[in-house]
S.K.: 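One structure is given below, represented as C-alpha cells, and several questions about it will come after.
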There are 2 protein chains.
Amino acid sequence: MDVARSEVFEAGTPTACRSCQARHGVVCGALSNAQLKELNRHSLRRKVDAGSEIIAQGSESSFYSNITRGVIKLCKMMPDGRQQIVGLQFAPDFVGRPFVRESTLSAEAATDAEICVFPRNLLDRMIAETPELQRSLHDQALNELDAAREWMLTLGRRTAEEKVASLLHLIATHAEPQTAISTAFDLPLSRAEIADFLGLTIETVSRQMTRLRKRGVILIENSRHIVVPDMDELQKISA
Amino acid sequence: MDVARSEVFEAGTPTACRSCQARHGVVCGALSNAQLKELNRHSLRRKVDAGSEIIAQGSESSFYSNITRGVIKLCKMMPDGRQQIVGLQFAPDFVGRPFVRESTLSAEAATDAEICVFPRNLLDRMIAETPELQRSLHDQALNELDAAREWMLTLGRRTAEEKVASLLHLIATHAEPQTAISTAFDLPLSRAEIADFLGLTIETVSRQMTRLRKRGVILIENSRHIVVPDMDELQKISA
DNA sequence: CGCGGACTTGAGCCTGTTCAAAAGTCGTGG
DNA sequence: CCACGACTTTTGAACAGGCTCAAGTCCGCG
C-alpha cells in the first residue's frame, strides 16, 4: 500500500519513510529520493521483541538494518559462555558490517525495538555508487570506534563504582533528551546486561547502584526507572 | 633529490615511494600515480624515537601519517594519570582521525619508528575526490573497530593469564611472519605498557609471564625477546 | 494469593593490587 | 674491562576490591 502510493510521486519521498526515525540517519540521509525509493521497495519493517537476536555471532548475514525504535546491544560470546557487550546502538543507527559477510558479534534487541531491514547486495551497490553514503557510513564507523575506545578505558582502568556511574551517564545522555540538570530515564538493560557491559557481576552492579542511591546520586524506582538529580555529580563520579 | 627525479616521469611512481612499506597500504595503495606524486611532494619522512609523542590527546592535529617502520601505540589518559592503551598500529597502517580535528587519544611511538607525514587538508581533499580512498580508509576503520571490540572482550572478561597470553598471541601474529608452529619475536612494549594495554599492573604482568615461562609455553630471553614453541598452545590459553 | 524471575543483601574467598625489596640490564666513564 | 648508577623487571608478603555461593526480598502476573 505504501509502496503503491510512493509509485505515484516518481521523485518523492516514500510515505513509509516520511515519519521514519531513520529518514535522516546515517544511511537514508545520504540517499537521493530515487535511491530511497528503491531501498524502500526492498525493505521490510520488522518488530523485534526484547531479547531476540537479529544477527548471530559467526553467522553470515545477507542483510543490514536501520534501527527505527529501541535499543540494540552488540555482544561477544566466548565458547565457555562468558559474554561481553561491546556496543549499544540507538535509533537511527545503522546495524551491519560492510565489506565482511561473517559477523564476529551478535546483535540483539535490548528493548522491544523496530528495525528496517534491507538486502546487503542492494546497499553494497549503493555504497559503491554513492560517495556521500560511503562517507556517512565511514563517519559512523569512526564514531563507533571512538566509543569503543572510550569504553576500553572504562573496562581497563575504572573501578566498579566509576564503571556503573559511567554507564548511567552514557545511557542518560543517549536515551533521553535531558533537562538542564536533572534527568530521568528507563534503563534499556537488565542488571545482568549491565554487568556484561561493564565486565562485572550482577551482584557488584547491584551493590554499586544501591551505594549511589544511598549517597543520593540517583533515585531508583522500579529498578528500571532511574532519576539523576545532578548530572554533573554523576559525571564527576565517573572520573 | 627524490622529488626532482620523480618530476621526470610525469606519470611514474615517486622514487621515495618505490621501496616504501606503505606504498600499497591503506592510503597510498588507493591513489593514482598523479595523486601519489602530489602527496609525496607534500610529505615528510620523519624518524621518531621510542616513547616520543606524535599526536597529543586533546590537541588539534593538522596532519596525518603512514607508519613505514615500527609500532605506534594509541593511548587514553585519565586526569589522575591512569592510562589505557586502546590500540596498536603497525606498518603500513594509516594514523589519524578523518573528519574530526581534535584527537581524543594520543599516538606515541612504542618502538623507534618511521612515519610519512602529510597535511590533513591535502588528504581530506583526496578523500573527497577518490571513492577508492574513502573506501580503503573506511575499511581500515572497520578493521580497527573489530579489533577494539575484540579487545573489549579481553579487558572485560578474561583473566590475567588469558590477557597476557592474548597479547603475546596478538603481537606474535602481527609483528613477525611466524613459521609453521613456533615463533620468535621482540616485544614492542615494556612491561608497563603491556600492563596499560591489559588493564593490569606491572607486577601481575611479570608474574603471569614467568608462570607461562615455567609452564614451558614461552621462553624469555632479555625480557624483550620471546620464543613461542607452540602457538596453538598459546592460543588455547588465551581462551 | 502464590508463583517465577529479577534484583538485593550477606559472608567468606580469591584474584589481582599495593608496597617493598632484590635482581637484572644497559649505558657511561674511569 | 669493570664499576657505578639509573632503570626495568622480578619476587615476596600483606591487603582489598570484586567474585562466588547462598539467602532473602521485591514485583509483575496468572
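Letters A, B, ... mirror the listed sequences (proteins, then strands); counts begin at 1.
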S.K.: Is the closest side-chain donor-acceptor distance between A:Glu144 and A:Gln89 under 3.5 Å?
M.R.: yes

S.K.: Taking B:Glu150 first and then A:Lys76, would you say they form a salt bridge - that is, a charged N and a carboxylate O separated by under 4.0 Å?
M.R.: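 Yes.
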
S.K.: Just the endpoints, please: which first and last nucleotides of DNA chain C, 5' to 3', lie under 4.0 Å from a heavy atom of chain B?
M.R.: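 Boundary nucleotides touching chain B, in 5' to 3' order, are C:dG16 to C:dC26.
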
S.K.: Does D:dT10 have OP1 or OP2 under 4.0 Å away from a side-chain N or O of B:Arg191?
M.R.: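 Result: yes.
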
S.K.: Could you check how far CD1 of B:Ile202 sits from P of D:dG12, rounded to whole Å?
M.R.: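 From B:Ile202 CD1 to D:dG12 P: 18 Å.
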
S.K.: Quick one: B:Ile218 CD1 to D:dT10 C1', roughly how many Å, whole number?
M.R.: 13 Å

S.K.: State whether A:Arg69 and A:Asp112 are salt-bridged, where the test is any N-O pair (Lys NZ or Arg NE/NH1/NH2 against Asp/Glu carboxylate O) under 4.0 Å.
M.R.: no

S.K.: Taking NZ, NE, NH1 and NH2 as the nitrogens, is one of them in A:Arg46 or A:Glu114 under 4.0 Å from a carboxylate oxygen of the other?
M.R.: no

S.K.: Quick one: sort the B:His174 and B:Phe90 rings into parallel, tilted or perpendicular, breaks at 30° and 60°.
M.R.: parallel

S.K.: Go through the steps to decide whether A:Phe63 and A:Phe118 satisfy the test ring-ring contact (aromatic ring centres under 6.0 Å, His included), and finish with yes or no.
M.R.: CA-CA 6 Å; A:Phe63 58 86; A:Phe118 38 87; 9.1 Å; no

S.K.: On DNA chain C, does the nearest nucleotide to B:Glu203 precede the nearest nucleotide to B:Ser223 from the 5' side, or the other way round? Give the residue.
M.R.: B:Glu203

S.K.: Can we say A:Asp196 and A:Arg82 salt-bridge, meaning some charged N sits less than 4.0 Å from an Asp/Glu carboxylate O?
M.R.: no

S.K.: Taking atom C1' of D:dA22 as reference, at what distance in whole Å does atom CZ of A:Arg207 sit?
M.R.: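 Rounded to the whole Å, the gap is 11 Å.
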
S.K.: Using a strict heavy-atom distance below 4.0 Å, which residues from residues 151-166 of chain B are in contact with DNA chain D?
M.R.: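 Heavy-atom contacts with DNA chain D come from no residue of residues 151-166 of chain B; none.
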
S.K.: Only Watson-Crick and G-U wobble pairs, only distances under 3.5 Å, only runs of 3 or more: what stems does that leave for DNA chain D?
M.R.: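 Stems (3+ consecutive pairs) listed as C:1-30 with D:1-30.
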
S.K.: Keeping A:Arg224 on the side-chain end and A:Leu187 on the backbone end, is there a donor-acceptor pair under 3.5 Å?
M.R.: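 Yes.
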
S.K.: Checking all strands, does B:Arg211 fall into the base, sugar-phosphate, or nothing category for heavy-atom contacts under 4.0 angstrom?
M.R.: nothing

S.K.: Would you mind reporting whether B:Leu153 and A:Met78 have side-chain heavy atoms less than 4.5 Å apart?
M.R.: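 A side-chain contact exists here, since the closest heavy-atom pair is under 4.5 Å.
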
S.K.: Determine yes or no for a side-chain-to-main-chain donor-acceptor pair under 3.5 angstrom, with A:Arg97 supplying the side chain and A:Glu102 the backbone.
M.R.: no

S.K.: Distance check: side-chain N/O of B:Ser206 vs OP1/OP2 of D:dT10, anything under 4.0 Å?
M.R.: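 For D:dT10, OP1/OP2 do have a side-chain N/O of B:Ser206 under 4.0 Å.
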
S.K.: Between the side chains of A:Arg215 and A:Glu161, is the shortest nitrogen-to-carboxylate-oxygen separation below 4.0 Å, so that they form an ion pair?
M.R.: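 Here A:Glu161 pairs with A:Arg215 in a salt bridge, since their nearest N and O are under 4.0 Å apart.
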
S.K.: What is the separation between atom CD on B:Gln208 and atom C1' on D:dT10, rounded to the nearest whole Å?
M.R.: 13 Å

